[in-house]
Amino acid sequence: MRASQQDFENAMNQVKLLKQDPGNQVKLKLYALYKQATDGPCNMPKPGVFDLVNKAKWEAWNSLGSLPKETARQNYVDLVSSLSPSAEASSQGKHEADEKAQKSKDIVVTSEDGITKIVLNRPTKKNALTFEMYQDIILALKNASTDNSAITVFTGTGDYYCSGNDLTNFTSAAGGMEEAASKGAVVLREFVNSFIDFPKPLVAVVNGPAVGIAVTLLGLFDAVYASDKATFHTPFSHLGQSPEACSSYTFPKIMGSAKATEMLLFGKKLTAREAWAQGLVSEVFPDSTFEKEVWTRLKGYAKLPPNSMRISKELIRNNEKEKLHAVNAEECTTLKAKWLSEECINAIMNFVSRKAKL
Ligand SMILES: CCCCCC/C=C/C(=O)SCCNC(=O)CCNC(=O)[C@H](O)C(C)(C)COP(=O)(O)OP(=O)(O)OC[C@H]1O[C@@H](n2cnc3c(N)ncnc32)[C@H](O)[C@@H]1OP(=O)(O)O
């Protein structure tokens, strides 16, 4: 259900009643969503480098790109309700938000031992990401950013970690490719932004092969643990597409441009050990002991002082947050055009009609 103007106004009042300071990141997000919901996309000149507060506010607003006013209003209401679980209206909103994330059969979210676990749960389709799953992950990350857990972990059910974007997202859209491309660019931008801005340690437990966006996103994680059965494949040229999730920036930075080119332009598939040697993976484990070793380790990390981990992450991430948002915006604009290209449409049609796999 979409948030009404009345819900929005209630949420604004609710913010004033918050008992605890939600912290600067959340306040910036609230400001940005409020501006987007009332004024639309950022239309102000960027403040100067020394005007730190206004610059941070401008960046937060600008990072929302062309997010529709209605979506911003809804996100504002959801965010406020996640902040004040004790207030009646808010607790109801939070409950609805949690339920929505939990209800999704393809994304399972649990919280235990200081760890929020977000599981891609569509094994019959190798955990390929549908439009709904992107939205559910955005919501799950939003909830995880303010829940009691110290760290957040992504993993997959079954033999794959994730086979990337569901290629039928584009062919099955009611309004056709044009509408799917426009929607895809907006959803992708918000989806990647939620990884750029995620405030707690984010860990990928890569239980099997990863393809496309499941690989490129890893450059935005804080640690990546992989089974030795995992592989890392970004066949963008084969698909007539271009890189996303800031990988056009993070991959050359992580592995150097020559290695990044082999992956992002030529679609070279890496083994887990190769990905480790190139700095994309933190550590590789034998598949037979992978789950046990990784979860034991993560439970230990989750006992570390959470605020300290948050602040350290903020120090690292803030060095390049602005750059990441700019790269994300540019990649989404480029992809939107690529999705409508003959090269891409042919590649997707070949997959859907069973003529081609990777
Ligand atoms: C908001 C939009 C954002 C978009 C961001 C841009 C992102 C880009 C990318 O992620 S590009 C990468 C896209 N992914 C692929 O190209 C992978 C396509 N899949 C394959 O090539 C193969 O399925 C495989 C190599 C992953 C696995 O092969 P195999 O082991 O032989 O299994 P199956 O092919 O039989 O797969 C089982 C079942 O799953 C379906 N499936 C697998 N991956 C996808 C996918 N990405 N999209 C849609 N469906 C997928 C496959 O069709 C089978 O379905 P079926 O049993 O036939 O109904």
Side-chain angles (χ1 to χ4, degrees), residues 120 125-130 133-134 137 154-156 159-170 181 184-185 187-189 191-192 195-196 202 204-221 223-282 284 324 327-328 330-339 341 343-348 350-351 356-358:
L120 309 175
K125 299 285 182 185
K126 310 290 182 194
N127 298 327
L129 298 167
T130 59
M133 288 165 79
Y134 288 106
I137 291 171
F154 270 80
T155 193
D159 57 344
Y160 261 64
Y161 173 65
C162 172
S163 65
N165 187 42
D166 187 309
L167 293 172
T168 65
N169 281 341
F170 295 105
V187 173
L188 178 62
R189 185 159 174 194
F191 177 74
V192 175
F195 284 80
I196 297 173
L202 191 61
V205 170
V206 186
N207 53 297
V211 185
I213 191 167
V215 179
T216 52
L217 269 180
L218 297 175
L220 295 173
F221 278 68
V224 178
Y225 298 124
S227 148
D228 58 7
K229 278 197 176 156
T231 52
F232 300 82
H233 194 191
T234 48
F236 299 127
S237 299
H238 301 68
L239 292 165
Q241 297 188 29
S242 51
E244 77 287 284
C246 300
S247 58
S248 60
Y249 171 69
T250 57
F251 277 30
K253 199 173 145 223
I254 290 169
M255 58 187 80
S257 61
K259 295 292 183 191
T261 295
E262 283 197 304
M263 285 194 81
L264 298 178
L265 271 66
F266 303 149
K268 182 179 177 191
K269 191 196 282 188
L270 303 189
T271 63
R273 294 208 186 285
E274 287 167 338
W276 170 78
Q278 294 183 11
L280 185 62
V281 165
S282 317
V284 180
L324 290 170
V327 171
N328 182 28
E330 196 186 348
E331 287 177 347
C332 291
T333 306
T334 308
L335 257 177
K336 185 176 162 186
K338 286 304 295 169
W339 285 328
S341 71
E343 287 179 341
C344 177
I345 292 173
N346 285 343
I348 292 178
N350 281 339
F351 175 78
K357 276 189 195 174
L358 294 174

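Looking at residues two or more places apart in sequence or on another chain, you find no side-chain hydrogen bond (donor to acceptor under 3.5 Å, both in side chains) involving Q278. Under the rule for a salt bridge (Lys or Arg N to Asp or Glu O under 4.0 Å), the partners of K253 that lie at least two apart in sequence or sit in another chain are E320. Partners of F154 according to the ring-ring contact (aromatic ring centres under 6.0 Å, His included) rule, which considers only residues two or more places apart in sequence or in another chain, are F195, F221. Shown here are the side-chain hydrogen bond (donor to acceptor under 3.5 Å, both in side chains) partners of T250, two or more places apart in sequence or in another chain: there are none. D166 is linked by a side-chain hydrogen bond (donor to acceptor under 3.5 Å, both in side chains) to R122, T168, counting only residues two or more places apart in sequence or in another chain. A search for side chain to side chain contact (heavy atoms under 4.5 Å, CB included) contacts involving S237 returns nothing, not counting sequence neighbours. Take C332 and apply the side chain to side chain contact (heavy atoms under 4.5 Å, CB included) test, not counting sequence neighbours, and it matches L188, R189, N328. Not counting sequence neighbours, the partners of K338 by the side-chain hydrogen bond (donor to acceptor under 3.5 Å, both in side chains) test are E343. Remark: N165 pairs with Y134, N169, F170 by the side chain to side chain contact (heavy atoms under 4.5 Å, CB included) rule, at least two apart or across chains.
When all heavy atoms of T234 and G212 are compared, the pair lying nearest together is CG2-O, 4.0 Å. Shortest non-hydrogen contact noted between L129 and I213 is CD1-CG2, 3.7 Å. Summarising the geometry of V284 relative to A272, their closest heavy-atom pair is CG2-O, 3.5 Å, with the distance given to 0.1 Å. The minimum heavy-atom distance between A226 and F232, with the atom names listed, is CB-CZ, 4.0 Å. The two residues Y161 and A210 have their closest heavy-atom pair at CD2-CB, 3.8 Å. Closest approach of S242 to T334, counting heavy atoms only: OG-CG2, 3.8 Å.
Looking only at distances, no side-chain donor or acceptor of S282 sits under 3.5 Å from a matching main-chain atom of Y225. Judged by distance alone, with hydrogens and angles left aside, the side-chain atoms of E331 form a donor-acceptor pair with the main-chain N or O of A245 at under 3.5 Å.
Looking at heavy atoms from C-beta onward, F251 lies in side-chain contact with V215 at the 4.5 angstrom threshold. With a 4.5 Å cut-off on side-chain heavy atoms, L120 and Y160 do not count as touching. Contact check for C246 versus I196: side-chain heavy atoms found under the 4.5 Å cut-off. Contact of the V192 side chain with the T216 side chain is not registered, since no non-hydrogen atoms from C-beta on lie closer than 4.5 Å. Counting only heavy atoms from C-beta outward, the side chains of N350 and H238 never approach each other to under 4.5 Å. Side-chain atoms of E330 and T333, non-hydrogen and from C-beta on, never get closer than 4.5 Å to each other. With contacts defined as side-chain heavy-atom distances shorter than 4.5 Å, the pair F191/L217 qualifies. A 4.5 Å side-chain heavy-atom check between K126 and D159 finds at least one atom pair inside the cut-off.
Within the structure, salt bridge (Lys or Arg N to Asp or Glu O under 4.0 Å) pairs that include any residue of residues 231-249 do not occur (at least two apart or interchain). Residue pairs that meet the salt bridge (Lys or Arg N to Asp or Glu O under 4.0 Å) test with at least one member in residues 228-241, sequence neighbours left out, are K229-D287.
Here the CG atom belonging to N207 is positioned 4.0 Å from the OG1 atom belonging to T155, to the nearest 0.5 angstrom. Atom CG in L270 sits 9.0 Å away from atom OG1 in T231 (nearest 0.5 Å). The structure places CZ of F236 at 5.5 Å from OG of S247, a figure rounded to the nearest 0.5 Å.
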List, one per line, each side-chain donor-acceptor pair under 3.5 Å for residues 255-269, sequence neighbours excluded.
{"from": "T261", "atom 1": "OG1", "to": "S257", "atom 2": "O", "distance (Å)": "2.7"}

